[in-house]
Amino acid sequence: MIPYLLFNTGFFEGKNIPEHEALKPLVVKMVPKLPQQKNDGDCEIYVIKYAEYFINEMLKGMPKTFNIAQVRKYLTTQLYVYAKKKQVENYDTINDWVPKDV
């Protein structure tokens, strides 16, 4: 689904990627011993934290559990501060693949 979503939203436009390549299924790799949520409602926190540790090349140091309430407050604060800064400084985030009317 993700390749089709990206293709149909114009993500690949101007990137010289043939349609048959863009629509290839994504390869999924299972990573052993990753932290997992203990309920049905915290998976987004674990995905965000995994991405954070992955981007910073710190997966080996990723804790097995998180204080979910604290992480939610921290993420909410980060998003608020970022949005407020954009308003105060009057700038727009440049996303070439997201239409301006979205």
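When a residue number appears, it is its place in the shown sequence, counting from 1.
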Side-chain donor-acceptor distances from residues 39-48 under 3.5 Å, at least two apart:
from, atom 1, to, atom 2, distance (Å)
Asn39, OD1, Gly41, N, 2.8
Asn39, OD1, Asp42, N, 3.1
Asn39, ND2, Asp42, OD2, 2.9
Asp42, OD1, Arg72, NH2, 2.9
Glu44, OE2, Arg72, NH1, 3.0
Glu44, OE2, Arg72, NH2, 3.0

Taking only residues two or more places apart in sequence or in another chain, which ones pass side chain to side chain contact (heavy atoms under 4.5 Å, CB included) with [X]?
{"X": "Ile2", "answer": "Leu6, Leu26"}
{"X": "Gln70", "answer": "Asn67"}
{"X": "Gln87", "answer": "Lys84"}
{"X": "Phe7", "answer": "Phe12, Glu19, Ala22, Leu23"}

Listed partners of Lys24 passing salt bridge (charged side-chain N to carboxylate O under 4.0 Å, His left out), at least two apart
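With neighbours one apart ignored, the set is Glu21.
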Report the residues that fulfil side chain to side chain donor-acceptor pair (under 3.5 Å) with Tyr74, sequence neighbours left out, ordered by chain and then residue number.
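Only Gln78 meet the side chain to side chain donor-acceptor pair (under 3.5 Å) criterion with Tyr74.
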Side chain to side chain donor-acceptor pair (under 3.5 Å) against Lys86, all qualifying residues, sequence neighbours excluded:
Thr93
What heavy-atom pair brings Pro3 and Pro25 nearest, and what distance separates the two atoms?
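For Pro3 and Pro25, the tightest heavy-atom pair comes out as CG-CA, 4.5 Å.
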Would Met62 end up clustered with Met58 when hydrophobic side chains under 4.5 Å apart are linked, directly or stepwise?
yes
If you define the side chain from C-beta out and look only at heavy atoms, does anything of Leu59 sit under 4.5 Å from Tyr50?
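Side chain of Leu59 against side chain of Tyr50, heavy atoms only: contact under 4.5 Å found.
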Taking only residues at least two apart or on different chains, which pairs with a member in residues 51-64 satisfy side-chain hydrogen bond (donor to acceptor under 3.5 Å, both in side chains)?
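Only Lys49-Glu52 qualify under side-chain hydrogen bond (donor to acceptor under 3.5 Å, both in side chains).
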